[in-house]
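Just the heavy atoms: all of them, side chains too, but no hydrogens, waters or symmetry mates, feed the values below.
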Amino acid sequence: MENSPGMKESCALSEVRIILIGGRWSGKSSSGNTILRRERFECGRTRTAQSELRHEEVEGRELTVVDAPGWSSSLSLTEIPEGDKQAFKLNVSKCPPGPHAFLLVTALDSAFSMEERRPLEHHMKLLGERVWRHTMVLFTCGDYLGKKTIEQHIENEGEALKWLVNKCGNRYHVFNNKDKGDSSQVMLLLEKIDEMVWHNNGGYYCLDERIFHIIQEKQREAAERADKRRKRAEEQRQQMKPIILGSRNKLQELKLLILGQKTVGKSATGNILLRKEIFATCANERCQEGKGEVDGRQVTVIDTPGWWKNSSQCTEDMDQEIVRGLSLCPSGAHAVLLVVPLDVRFTDSQWRAVEEHMSLFDATVWKHTLVVFTYGDMLADKSIEEHIENERYPLQWLVDKCENKYHVLNNTKKKDTSQITELFEKIEEMVAENSGRLFCPDMSDIHRRVEEKFRRREIKQVLKQRLEQEYRRRELELLTGFKQTLISLQTEMKQKSLMGDKTKIKAISIGQRKKDEKEKEEKIATKISQEIEKLDKEILKSTTFLRNSIDFLIPTMSEDPQTTSVAGSSLDSQNPSSNLDKVLGWLSTLQIGRNVENQLTLSFSETSGYRSLLADHFALNRDDDELE
């Protein structure tokens, strides 16, 4: 709706509060400078974890502009670090009582694709659906349009950009940040904000007080835990200093094994450690060794192939190659460096993959492991302890598992030798804490664990297939039974219809006939509804049981490296693969039956050998004759 000039003047705001949001390198900071008509935000700076706020008077108006940290276009909502999500929500509190406008900044010199839409949508969800009423698209790089209009660009760009503009109520504006002297583009933007506020009945966006207090309380608790973790790490280092100083010399040789997921910066870490480009920073499929003299030490770095985030994608050959890295330093490794990136959240799937691969080594591996956090520039003005404590349990578990040993590398500061010197000092302290012992497990045991891991996976897959087959058969029976019920009801309805025709002749009145027919129809409809409801319950029970069958009946067959190794488990340590082959053979004859409640059961006898081979290993406390 178009407003008259007088109306626009009457609703002009004397104070305007703006929050700039968008992806990294979209031109937010530059746009903030254009709005304020002076260089108040530093462009091209390193990333900040906190918003930056500036005030300025422009054309008689008090402007407050908040430049929020940009988001990565490659992350899903589950991958965004928890601290970043909290900070994004708290942007609103930077300009109390709340912003009049969110300017969603996107550059015209690059396509706005579905890949760009997803992280944008994820972040906006953090603020709730009503945030869109206060949002306007701000296009930067206006000179890129040339002779085209912005409307032509929107129509030609694609569905993702059309969706964004429509989501913002067709509100948009174009900035040419190269022409900061053009004051008209700022004045027109402010007029559009006035109009948006007028349509919102003069309102501004505010965060729910309850959510605001919850976030503040979480941050306070995380800060307290972070302080305790930092102090604990410092105390550990202080305790080891007398031992280090009491030794004759620092370690003249360091052998380091690098482990981690693919694309987390393992190879780049190896290059930073050796202070030269030795490892190609692309996915490698083989272990690589690099050597060099660093800080007066002979340093050997073993870069291993990374594992997939989804551990089910890992093959036996891949895992055998990963563990082979340890054989490249026969006398043992001074440290295992477990690389974890800071630019994404440490998710449950990453946790499972780390735990699964670390369990392939000897149980003592954790005493020789130090977590190396890469992409340290992503921390910005946060401490590593704050990041750890703001994240969920998996990352805290990992750091605690490594006995609170961790270090941060900033990949953008490769010439900063102090970060490497400090890491080497931490490694020396860890070696001293281990009484000088290196990590040197029996490689034959490690390779055997890898073999067992994939034999166990094969067992799980066979059992899963058998259960799914039985489930499909049971589902077919239910559907067949339902068909018979419908046929029966259909026959009953025909019979009642014939009886109804005879009744029509004898009916005393038309009203009585209609009443009787209505009652019969209601009874039949009720019966059909009862049968459908009964079937729905059976299907739900069957579906739930299938899920539980896969999650519960199928053993994890994993080992806790803290308590035992696979080689020392209830399986025959001399020939575990042979026993796993026996289990596979037994599964081929496994009988899947039903109990009195029509639930699927796994039936086996005393002579099956199941109890002797895998009862303790599976930890399934069930009777010998039936496992529900």
Side-chain angles (χ1 to χ4, degrees), residues 1-22 26-43 45 48 50-69 90-108 127 130-143 145 149-150 165 168-207:
M1 183 179 81
E2 287 294 331
N3 299 324
S4 66
M7 184 181 293
K8 288 183 179 179
E9 289 175 8
S10 65
C11 67
L13 299 168
S14 60
E15 179 190 9
V16 184
R17 299 183 295 274
I18 297 170
I19 296 183
L20 297 166
I21 58 176
S26 60
K28 294 187 295 82
S29 301
S30 181
S31 296
N33 292 333
T34 300
I35 293 171
L36 297 176
R37 295 190 182 177
R38 60 181 63 196
E39 300 296 313
R40 298 300 308 276
F41 299 104
E42 183 182 349
C43 301
R45 66 186 184 281
T48 58
Q50 303 297 329
S51 301
E52 293 189 353
L53 179 146
R54 301 289 185 268
H55 298 284
E56 201 69 46
E57 183 178 335
V58 178
E59 298 294 336
R61 301 189 192 217
E62 290 294 330
L63 300 189
T64 298
V65 178
V66 176
D67 184 14
L90 290 181
N91 284 327
V92 178
S93 65
K94 300 293 183 181
C95 49
H100 293 100
F102 287 91
L103 297 184
L104 213 166
V105 183
T106 182
L108 286 168
L127 298 176
R130 61 191 176 89
V131 72
W132 291 106
R133 299 203 304 267
H134 304 269
T135 303
M136 180 187 303
V137 181
L138 178 60
F139 292 102
T140 56
C141 304
D143 55 303
L145 284 174
T149 66
I150 183 60
V165 174
C168 293
N170 204 38
R171 294 182 296 270
Y172 53 87
H173 188 66
V174 179
F175 261 6
N176 183 347
N177 292 332
K178 291 183 178 180
D179 189 10
K180 291 183 170 61
D182 181 8
S183 60
S184 64
Q185 59 182 346
V186 178
M187 295 304 298
L188 183 56
L189 171 65
L190 294 177
E191 287 177 8
K192 290 181 178 180
I193 292 175
D194 288 337
E195 187 175 343
M196 180 173 65
V197 174
W198 183 83
H199 280 293
N200 287 325
N201 299 315
Y204 49 82
Y205 179 89
C206 59
L207 190 67

Enquirer: So, E52 and R54, do they make that salt bridge, N to O below 4.0 Å?
Expert: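 Counted as a salt bridge, because a side-chain N and a carboxylate O are separated by less than 4.0 Å.
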
Enquirer: So how far is it from I18 CD1 to L189 CG, rounded to the nearest 0.5 Å?
Expert: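 If I round to the nearest 0.5 Å, the distance is 6.0 Å.
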
Enquirer: Grab the two heavy atoms, one from H134 and one from G203, that are nearest each other, plus how far apart they are.
Expert: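 Shortest heavy-atom contact: CE1-O, 4.0 Å.
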
Enquirer: Taking all non-hydrogen atoms of both residues into account, name the closest pair between F41 and N33 and its distance.
Expert: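 Looks like N-OD1, 2.7 Å.
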
Enquirer: State, to 0.1 Å, how close S51 and V66 come at their nearest heavy-atom pair, and which atoms those are.
Expert: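 The answer is CB-CG1, 3.6 Å.
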
Enquirer: Working to the nearest 0.5 angstrom, can you tell me the gap between E39 CD and S30 OG?
Expert: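 So the gap between those two atoms works out to 7.0 Å.
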
Enquirer: Does any N or O in the side chain of E56 come within less than 3.5 Å of the main-chain N or O of R37, such that one atom is a donor and the other an acceptor?
Expert: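 Answer holds: no.
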
Enquirer: What are the two closest non-hydrogen atoms of L20 and S31, and how far apart are they?
Expert: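 Between these two residues, the closest heavy atoms are CD1-C, 4.5 Å.
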
Enquirer: Working to the nearest 0.5 angstrom, can you tell me the gap between H173 NE2 and L190 CG?
Expert: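 If we round to the nearest 0.5 Å, H173:NE2 and L190:CG are 8.5 Å apart.
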
Enquirer: Quick one: does T140's side chain have a donor or acceptor within less than 3.5 Å of a partner on K28's backbone?
Expert: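 Between the backbone of K28 and the side chain of T140 there is no qualifying donor-acceptor contact (under 3.5 Å).
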
Enquirer: Please name all residues satisfying side-chain hydrogen bond (donor to acceptor under 3.5 Å, both in side chains) with T64, sequence neighbours left out, ordered by chain then number.
Expert: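 Listed in chain order: H55.
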
Enquirer: Find out whether N176 and L145 are in side-chain contact, i.e. whether some heavy atom of one side chain is under 4.5 Å from a heavy atom of the other.
Expert: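 They are not in side-chain contact.
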
Enquirer: Would a 4.5 Å heavy-atom cut-off, applied to side chains only, mark L104 and W132 as touching?
Expert: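 The answer is yes; the side chains approach within 4.5 Å.
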
Enquirer: Kindly compute the distance separating OH (Y204) from CG (L13), expressed to the nearest 0.5 Å.
Expert: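 One finds 12.0 Å between OH of Y204 and CG of L13.
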
Enquirer: Looking only at heavy atoms, what is the nearest atom pair of I35 and V58, with distance?
Expert: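 Closest approach of I35 to V58, heavy atoms only: O-CG2, 3.8 Å.
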
Enquirer: Taking side-chain contact (heavy atoms from CB on, under 4.5 Å) as the test, write out the residues that go with E57, two or more places apart.
Expert: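 Per chain and number, E57 pairs via side-chain contact (heavy atoms from CB on, under 4.5 Å) with E62.
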
Enquirer: Looking at residues at least two apart in the chain, or sitting in another chain, which of them share a side-chain hydrogen bond (donor to acceptor under 3.5 Å, both in side chains) with R171?
Expert: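 Per chain and number, R171 pairs via side-chain hydrogen bond (donor to acceptor under 3.5 Å, both in side chains) with no residue.
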
Enquirer: To the nearest 0.5 Å, what is the distance between CZ on R17 and NZ on K94?
Expert: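 Here the rounded value is 16.0 Å.
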
Enquirer: List for me each residue that meets side-chain hydrogen bond (donor to acceptor under 3.5 Å, both in side chains) alongside Y172, sequence neighbours excluded, and say none if there are none.
Expert: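 If we apply the side-chain hydrogen bond (donor to acceptor under 3.5 Å, both in side chains) test to Y172, skipping adjacent residues, the hits are E151.
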
Enquirer: Are side-chain heavy atoms of F102 and L127 found at a separation under 4.5 Å?
Expert: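 Yes, close enough: below the 4.5 Å cut-off.
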
Enquirer: Can you confirm whether I19 sits close enough to C95 that some side-chain heavy atom of one is under 4.5 Å from a side-chain heavy atom of the other?
Expert: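 Yes. Closest side-chain heavy atoms under 4.5 Å.
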
Enquirer: Looking at V92 and C206, what are the two nearest heavy atoms and their distance?
Expert: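 Scanning both residues completely, I find the closest heavy atoms to be CG1-CA, 4.2 Å.
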
Enquirer: So, taking the atom named CZ in R40 and the one named CG in L63, what distance separates them when rounded to the nearest 0.5 Å?
Expert: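 Between atom CZ of R40 and atom CG of L63 there are 11.5 Å.
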
Enquirer: According to salt bridge (charged side-chain N to carboxylate O under 4.0 Å, His left out), who are the partners of D143, at least two apart in sequence or on a separate chain?
Expert: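 Salt bridge (charged side-chain N to carboxylate O under 4.0 Å, His left out) list for D143, sorted by chain: K178.
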
Enquirer: Run the side-chain contact (heavy atoms from CB on, under 4.5 Å) test against R133 and tell me which residues pass, sequence neighbours left out.
Expert: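 By the side-chain contact (heavy atoms from CB on, under 4.5 Å) rule, R133 matches R130, N200.
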
Enquirer: Could you tell me whether the side chain of E191 reaches within less than 4.5 Å of the side chain of L188, counting heavy atoms only?
Expert: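 The answer is yes; the side chains approach within 4.5 Å.
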
